[in-house]
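Numbers here are sequence positions counted from 1. Computed from heavy atoms alone, side chains included, the values below leave out hydrogens, waters and symmetry copies.
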Amino acid sequence: MNIVSAFCHQCFKEVSYNVVSDDAIFSIKGIEIPYKGKRALCCECGSDVWVAEIDDYNVRAPRIEYCRQHGLITADEVKDLTKKYNIGARPLAKLLCWGEVTIVRYIDGDIPTKEYSDRLKELFGDCDAFYQLLVEGKDKITDVAYRKAMTAVEALRKAPCLEIGVTELYEKLGMTRNQFAKNLGVTPSTVKGWETGTLSPCSIIIEGLNKLNRDSSALKNNAETDKPAADESHNVSAETTKQNARISIAV
């Protein structure tokens, strides 16, 4: 619980306030979006008090939820995109030949069109696509911005790649995200970051995951070649792959 200060019009003075969660609904483009809102309540009288950060959150949260429901890139993901390639919002907009403040507005919470969202998602998930965009648009941005982005994207292109998606891998092993994370000794939020692309596993982890994928594929092929009873084969294979998940990262 955060306790900070704001002006209460009921008490007519600066007071401490508590931040509480609240179920809320916001209409966007004629669609009602339920979301977890926040309220700031005066500690003395319990009235709502206005806090800029809380107000900003309540504007952004339903827009983020709308984007998620409609498969559009969110404000946080656009921000993560600029961090991933170490490029500013304005230089990125120039590379894309969009309005100079377009990316800034998306980071601030504006909802992108599907066309623009798909393009940003492509760049987020494909460093080769960003590399091509950067090379072709070199003259559109400053030399400093170009060098910083080029250094970042070249490092990403040299890094080893996963042979299979993280979600596909743990489902292949018959695990949930939480089980997969526990076996690898990482948090579920880390695994989720790998799935969405907001986090990148280090090269050792990538090599371990690739080895795990190959081992599990070999086990599946062996089980299909000389399977005993169907249920027994499935149980042995599933248990073996889960055991391998605990050791395959130690490469």
Side-chain angles (χ1 to χ4, degrees), residues 1-96 98-121 123-124 141-142 144-145 148-149 152 187-190 192-193 195-199:
M1 185 191 316
N2 294 327
I3 303 180
V4 280
S5 176
F7 187 82
C8 176
H9 288 276
Q10 295 297 322
C11 300
F12 211 71
K13 64 178 180 179
E14 286 285 324
V15 296
S16 296
Y17 66 85
N18 295 330
V19 178
V20 298
S21 295
D22 192 25
D23 291 330
I25 295 177
F26 191 83
S27 180
I28 299 178
K29 299 183 179 182
I31 300 173
E32 292 197 337
I33 305 297
Y35 70 99
K36 247 339 171 191
K38 291 183 180 180
R39 296 173 64 196
L41 303 179
C42 171
C43 288
E44 297 189 21
C45 71
S47 299
D48 285 277
V49 295
W50 185 84
V51 179
E53 293 81 3
I54 302 296
D55 188 61
D56 288 344
Y57 171 86
N58 287 327
V59 170
R60 288 169 58 87
R63 294 180 180 182
I64 290 174
E65 184 59 31
Y66 177 92
C67 289
R68 286 175 178 156
Q69 290 184 15
H70 290 78
L72 302 174
I73 194 166
T74 68
D76 290 340
E77 290 169 340
V78 176
K79 189 174 183 178
D80 288 335
L81 170 62
T82 63
K83 288 181 179 179
K84 180 177 182 177
Y85 296 118
N86 195 21
I87 190 168
R90 292 175 188 272
L92 177 56
K94 289 180 179 179
L95 286 176
L96 290 163
W98 296 351
E100 191 172 341
V101 297
T102 300
I103 302 297
V104 174
R105 289 193 291 104
Y106 291 163
I107 291 174
D108 286 342
D110 276 13
I111 297 172
T113 64
K114 187 176 187 309
E115 178 187 356
Y116 279 22
S117 172
D118 288 347
R119 180 61 168 140
L120 293 173
K121 282 186 172 184
L123 295 176
F124 196 105
I141 59 177
T142 66
V144 173
K148 288 168 63 177
T187 64
S189 60
T190 296
K192 183 177 180 180
E195 293 177 80
T196 60
T198 56
L199 294 176

Of all residues at least two apart in sequence or in a different chain, which pass the salt bridge (Lys or Arg N to Asp or Glu O under 4.0 Å) check with Lys192?
none
Would you compute the distance between atom CZ of Phe26 and atom CD of Glu65 and round it to the nearest 0.5 angstrom?
13.5 Å
Could you go through the side chain to side chain contact (heavy atoms under 4.5 Å, CB included) check for Phe7 and His9 one step at a time?
CA-CA 6 Å; Phe7 187 82; His9 288 276; 3.7 Å; yes
Has the side chain of Lys121 got a donor or acceptor atom that lies under 3.5 Å from a matching backbone atom of Gly71?
yes
Work out which heavy atom in Lys36 is nearest to a heavy atom in Tyr57; give both atom names and the distance.
O-OH, 3.0 Å
Where the side chain of Asp23 meets the backbone of Tyr35, is there a donor-acceptor pair that is under 3.5 Å apart?
no
Checking Glu44 now: which residues fulfil salt bridge (Lys or Arg N to Asp or Glu O under 4.0 Å) with it, not counting sequence neighbours?
Lys13
With side chain to side chain contact (heavy atoms under 4.5 Å, CB included) as the criterion, how do Lys148 and Val144 come out once you've worked through the C-alpha distance, each side chain's angles and the decisive distance to 0.1 Å?
CA-CA 6 Å; Lys148 288 168 63 177; Val144 173; 3.9 Å; yes
Shortest non-hydrogen pair, Pro62 vs Ile28, comes out as O-CD1, 3.6 Å
Counting distance only, does the side-chain N/O of Asp55 pair as donor-acceptor with the main-chain N or O of Val51 below 3.5 Å?
no
With a 4.0 Å cut-off, would you call Arg60 and Asp56 a salt bridge?
no
Which atom of Cys67 lies closest to which atom of Ile73, heavy atoms considered
SG-O, 3.7 Å
Spacing of Cys42 atom SG and Glu14 atom CD [to the nearest 0.5 Å]:
10.5 Å
Kindly compute the distance separating CD1 (Ile33) from NE2 (His70), expressed to the nearest 0.5 Å.
6.0 Å
Name all residues meeting the salt bridge (Lys or Arg N to Asp or Glu O under 4.0 Å) criterion together with Asp48; count only those two or more places apart in sequence or in a different chain, and write none if there are none.
Arg39
Verify side chain to side chain contact (heavy atoms under 4.5 Å, CB included) between Asn58 and Ile54, making sure each step is shown before the conclusion.
CA-CA 6 Å; Asn58 287 327; Ile54 302 296; 3.7 Å; yes
Residues that Asp22 engages under salt bridge (Lys or Arg N to Asp or Glu O under 4.0 Å), provided they are two or more places apart
none
CG/Leu41 to OG/Ser47 distance, rounded to the nearest 0.5 angstrom?
8.5 Å
Quiz: residues 103-113 side-chain donor-acceptor pairs under 3.5 angstrom, not counting sequence neighbours:
{"unit_1": "Arg105", "atom_1": "NH1", "unit_2": "Asp110", "atom_2": "OD2", "d": "3.0"}
{"unit_1": "Thr113", "atom_1": "OG1", "unit_2": "Tyr116", "atom_2": "N", "d": "3.2"}

Run the side-chain donor-acceptor check on residues 84-92: report pairs under 3.5 Å with partners two or more places apart or on a different chain.
{"unit_1": "Lys84", "atom_1": "NZ", "unit_2": "Phe124", "atom_2": "O", "d": "2.5"}
{"unit_1": "Tyr85", "atom_1": "OH", "unit_2": "Leu123", "atom_2": "O", "d": "2.6"}

With a 4.5 Å heavy-atom cut-off, do Thr74 and Arg68 have their side chains touching?
yes
Restricting to non-hydrogen atoms, name the atom on Tyr66 and the atom on Ile31 that form the minimum distance, rounded to 0.1 Å.
CE1-CD1, 4.1 Å
Could you report the tightest heavy-atom contact between Tyr17 and Ala40, atom names first, then the distance?
CD1-CB, 3.6 Å
Atom CG of Asp76 and atom NZ of Lys83: how far apart are they, to the nearest 0.5 Å?
8.5 Å
Stepwise side chain to side chain contact (heavy atoms under 4.5 Å, CB included) check, Ser5 with Ser16:
CA-CA 4 Å; Ser5 176; Ser16 296; 5.6 Å; no
